[in-house]
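The next block holds one structure in the form of structure tokens; read it before the comments.
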Amino acid sequence: MRVLLTGAAGFIGSHVRRALEDEGHDVVAIDLMLAAAHGPDALPPSGVERVDVRDRAALDARLAGIDVVCHQAAVVGAGVSAQDAPAYASHNDFGTAVLLAAMDRARCRRLVLASSMVVYGEGRYRTAGGDGAPVDPAPRTTADLEQGVFDHRDAHTGAPLEWAPVDENAPLRPRSLYAASKLAQEHYSAAWATATDATVTALRYHNVYGPDMPKDTPYAGVAAIFRSSLEAGRAPRVFEDGMQMRDFVHVSDIAAANRAAVERPLTGFVALNIASGRPISIGDVAEVLATARGGDAPITTGQYRCGDVRHIVASPARAAELLDFTAQIAPESGLAEFAGAPLRAAASAGAPTW
């Protein structure tokens with residue numbers, strides 16, 4: 001198939017491009033090469049054109065004959081301040097809207113969208129015990145976090161709530177600028193699918209890591225932040241008590257999920273969790289990386305970041321059923337390998353202009 005791949009020079013996009021080309025797909029690869037992702041002087045790699053998805057004419061020229069669009073281009077990270085909001089809205093949401101309109105003009109009716117688990121917000125919880133009842137907790141308060149009370153609590157007993165896997169039918173409640181922009185992308189894409197009788201497979205990535213991940217910036221993933229600390233001879237600093245549960249999924253599995261979504265069209269708008277299915281605590285992530293690099297043991301700081309959620313763990317069952325996709329790399333082995341993997345040079349410090 002002929003595939004238009006946006007964000008093709010990025011961390012995830014470059015792996016997706018290789019996976020598609022290895023299967024014989026004809027990939028039209030584009031990337032804006034934002035300084036915030038690639039550094040101020042980066043040039044597109046061989047085979048990638050510098051194109052802005054907000055550029056109507058450029059998209060029209062490249063969508064001719066395209067069978068499916070694989071949309072990875074986005075400004076990533078939670079956002080450092082409210083001043084980042086226009087960048088997320090411009091690149092992620094307006095960019096997606098321009099792309100969808102161009103796809104309509106080109107009569108291209110298939111989209112694979114890079115979404116994120118951040119659309120779920122707080123995740124899913126239940127009361128303690130094997131048959132715990134589902135609970136919908138309010139966001140944690142600053143007062144509790146300041147006192148080191150990190151878990152959500154049962155309003156009746158005061159006991160910590162337990163996490164439960166999130167499926168794709170969970171409420172969508174974004175807690176960050178990035179999350180709000182990813183949910184908007186999903187909404188635009190779902191509405192476009194209905195209006196044009198098209199198909200959208202929205203892949204909700206969980207915590208992605210792997211070779212070629214960007215080094216430590218205010219917008220980097222926690223695995224890269226820990227890895228950068230170890231590379232600099234510093235102990236990883238773990239926020240809260242380190243017991244936050246996440247699902248870390250290797251970038252090669254993300255690429256495989258995109259290839260499966262490209263090759264297996266679904267009907268209408270379908271969202272799928274793309275996760276390892278093997279939860280791991282943030283403290284254990286730091287410990288695995290430190291041990292693999294022979295670095296100093298992690299330091300659990302008790303500090304917190306406003307907007308962070310306590311636990312977010314996925315159920316990958318629907319992706320296995322609909323795409324026949326199952327992640328192959330367990331977090332413990334993948335993170336140990338990641339401890340010595342090459343990283344991208346540090347990007348620029350701030351969000352892009354809009």
Side-chain angles (χ1 to χ4, degrees), residues 7 9-16 18 31 33-43 45 72 74-80 116 118 178 205-255 276 278-305 308 327 329-352:
F11 163 49
I12 292 174
S14 59
H15 286 268
V16 172
R18 285 193 291 272
D31 198 298
M33 302 301 295
L34 286 170
H38 302 280
D41 302 314
L43 297 175
Q72 307 295 318
V75 175
V76 301
V80 172
S116 172
V118 295
Y178 174 61
Y205 303 158
H206 284 250
N207 295 72
V208 187
Y209 70 97
D212 203 31
M213 195 173 185
K215 288 187 178 180
D216 184 11
T217 80
Y219 300 86
V222 68
I225 292 171
F226 290 161
R227 175 49 213 281
S228 294
S229 294
L230 289 161
E231 195 169 358
R234 302 188 303 268
R237 296 177 62 82
V238 179
F239 282 10
E240 301 187 18
D241 58 3
M243 298 304 293
Q244 311 94 300
M245 297 300 294
R246 297 290 189 272
D247 190 304
F248 279 74
V249 57
H250 196 276
V251 69
S252 65
D253 283 322
I254 293 289
S276 73
R278 303 172 178 90
I280 185 172
S281 73
I282 294 297
D284 284 346
V285 170
E287 188 65 44
V288 169
L289 291 170
T291 299
R293 281 195 70 92
D296 292 339
I299 298 169
T300 303
T301 67
Q303 295 175 294
Y304 64 91
R305 292 191 307 180
D308 276 358
I329 300 178
E332 291 80 4
S333 59
L335 287 163
E337 179 183 350
F338 175 64
L343 299 183
R344 289 180 178 231
S348 62

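Hydrogens, waters and symmetry mates play no part in the numbers below; they use all other heavy atoms, side chains included. Bear in mind that the values here come from a model prediction, so they are computed numbers and not experimental data.
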- prompt: Atom CD of Glu337 and atom CG of Leu289: how far apart are they, to the nearest 0.5 Å?
  reply: 12.0 Å
task: Indicate the atoms forming the closest heavy-atom contact of Ala327 with Arg278, along with that distance.
output: O-NH1, 3.9 Å
message: Please check: side-chain N/O of Arg227 versus main-chain N/O of Ala341, any donor-acceptor pairing under 3.5 Å?
response: yes
message: Restricting to non-hydrogen atoms, name the atom on Ser229 and the atom on Ala235 that form the minimum distance, rounded to 0.1 Å.
response: CB-O, 4.2 Å
- line: So CG of Asp308 and CD of Gln303: to nearest 0.5 Å the spacing works out to 12.0 Å
query: Quick check, are the ring centers of Tyr209 and His250 under 6.0 angstrom apart?
result: yes
- prompt: With respect to Arg246, which candidate in Ile282, Val222, Asp284 satisfies the side-chain contact (heavy atoms from CB on, under 4.5 Å) definition?
  reply: Ile282
- prompt: Shortest non-hydrogen contact from Arg293 to Ala339?
  reply: NH1-O, 2.7 Å
message: Counting only heavy atoms not in Met245 (residues, nucleotides, ligands), do more than 12 fall under 6.0 Å from its CE?
response: yes
- prompt: How about Ile280 and Leu335: do any of their side-chain heavy atoms sit closer than 4.5 Å?
  reply: yes
Evaluation steps, side-chain hydrogen bond (donor to acceptor under 3.5 Å, both in side chains), between Gln244 and Tyr304: CA-CA 11 Å; Gln244 311 94 300; Tyr304 64 91; over 6 Å; no
- prompt: Rounded to the nearest 0.5 Å, how far apart are CZ of Phe11 and CG of Leu343?
  reply: 9.0 Å
query: So how far is it from Met243 CE to Thr300 OG1, rounded to the nearest 0.5 Å?
result: 10.0 Å
message: Could you check whether any side-chain N or O of Arg344 sits under 3.5 Å from a backbone N or O of Asp212, counting only pairs where one atom can act as donor and the other as acceptor?
response: yes
field: Where Ala223 and Phe338 come nearest, the two heavy atoms and their spacing
entry: O-CE2, 3.6 Å
- prompt: Is there a donor-acceptor pair under 3.5 Å between the side chain of Ser14 and the backbone N or O of Ala9?
  reply: no
message: Within the 4.5 Å heavy-atom criterion, are Tyr178 and Val75 side-chain neighbours or not?
response: no
query: Of the non-hydrogen atoms in Ala224 and Pro214, which two are nearest, and what is the gap between them?
result: CB-O, 3.3 Å
message: For the CD atom of Glu287 and the CD atom of Glu332, what is their distance to the nearest 0.5 Å?
response: 12.5 Å
- prompt: Can you find a heavy atom in the side chain of Ser252 that is under 4.5 Å from one in the side chain of Arg18?
  reply: no
task: Might you point out which heavy atoms bring Ile329 and Ser276 nearest each other, and give the distance in Å?
output: O-CB, 4.4 Å
